[in-house]
Amino acid sequence: MDEFYDGLSAFLYPILIEGSALIASSAVGEFAKGAGKTAFEALKNRLTEKHGMQSVSLLEQAKEKPEYAAVIKADLDAPALAGDPELQLLGNQVLDAIAALPATAQPAIDVGAIRALGDQIFKNIEGIKADVIEAAGDQTFDGIKSPGKR
């Protein structure tokens, strides 16, 4: 593994938080009704059913309660999850569904760090705010409306 990789939580946590927010939002019906919801539910099911990760039920409160975020991130960094390539695939499917949203519905990504072992593609979103964005592969930023500030 690359030395900068902090674990699966660096990749999956922002995806889970954003997916949860989009499903809860009535303004983003395309995501909640279509491929986004299906991909998000598949990711959550993989975490809960295959890996027994019950902390995903705390996603909706994690933005307001740092202790919930810490529990979710710790669970995502469990060694058993790191060996499951399906999680990377499912996470990328959720990202693809977010990218497919109409430009007016695109969320802004606001996280402390985005780290991944593979390529990252960010398309048609309002902005990206992160202290650190690192990837072992290529990064593509396309259609970002505002640079975001941290």
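Remember, it's a predicted structure, so these values are computed and weren't measured experimentally.
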| said: Taking the side chain as everything from C-beta on, heavy atoms only, tell me whether Asn92 gets closer than 4.5 Å to Phe11. | reply: yes
| task | Please tell me if the side chains of Phe40 and Leu16 come closer than 4.5 Å, counting only heavy atoms from C-beta onward. | result | yes
| remark: Separation between CD (Glu86) and CD (Gln93), nearest 0.5 Å, reads 7.5 Å
| request: Determine the minimum heavy-atom distance between Glu64 and Pro66, stating which atoms define it. | output: O-CD, 3.5 Å
| note | The reported gap from CG in Leu76 to OG in Ser9 (rounded to nearest 0.5 angstrom) is 6.0 Å
| said: Please check this pair: side chain of Asp75 against backbone of Met53, looking for a donor-acceptor N/O pair closer than 3.5 Å. | reply: no
| said: Nearest 0.5 Å, please: how far is NZ in Lys65 from CD in Glu60? | reply: 12.5 Å
| task | Please examine the side chains of His51 and Leu87, heavy atoms only from C-beta on, and report whether any two atoms are closer than 4.5 Å. | result | yes
| message | Tell me whether Glu41 at atom CD has more than 12 heavy atoms from other residues, nucleotides or ligands lying less than 6.0 Å away. | response | yes
| Partner residues of Ala62 under the side chain to side chain contact (heavy atoms under 4.5 Å, CB included) criterion, sequence neighbours left out | Tyr13, Ile17, Tyr68, Ala69, Ile72
| Beyond-backbone contact of Leu90 with Leu12, side-chain heavy atoms, under 4.5 angstrom | no
| query | Would you say Leu47 and Leu81 make side-chain contact, with heavy atoms under 4.5 Å? | reply | yes
| Distance (rounded to the nearest 0.5 Å) between Asp84 CG and Arg46 CZ | 4.0 Å
| request: Without swapping roles, check the side chain of Thr48 against the backbone of Lys44 for a donor-acceptor pair under 3.5 Å. | output: yes
| Measuring from Lys73:NZ to Ser55:OG, what's the distance to the nearest 0.5 Å? | 12.0 Å
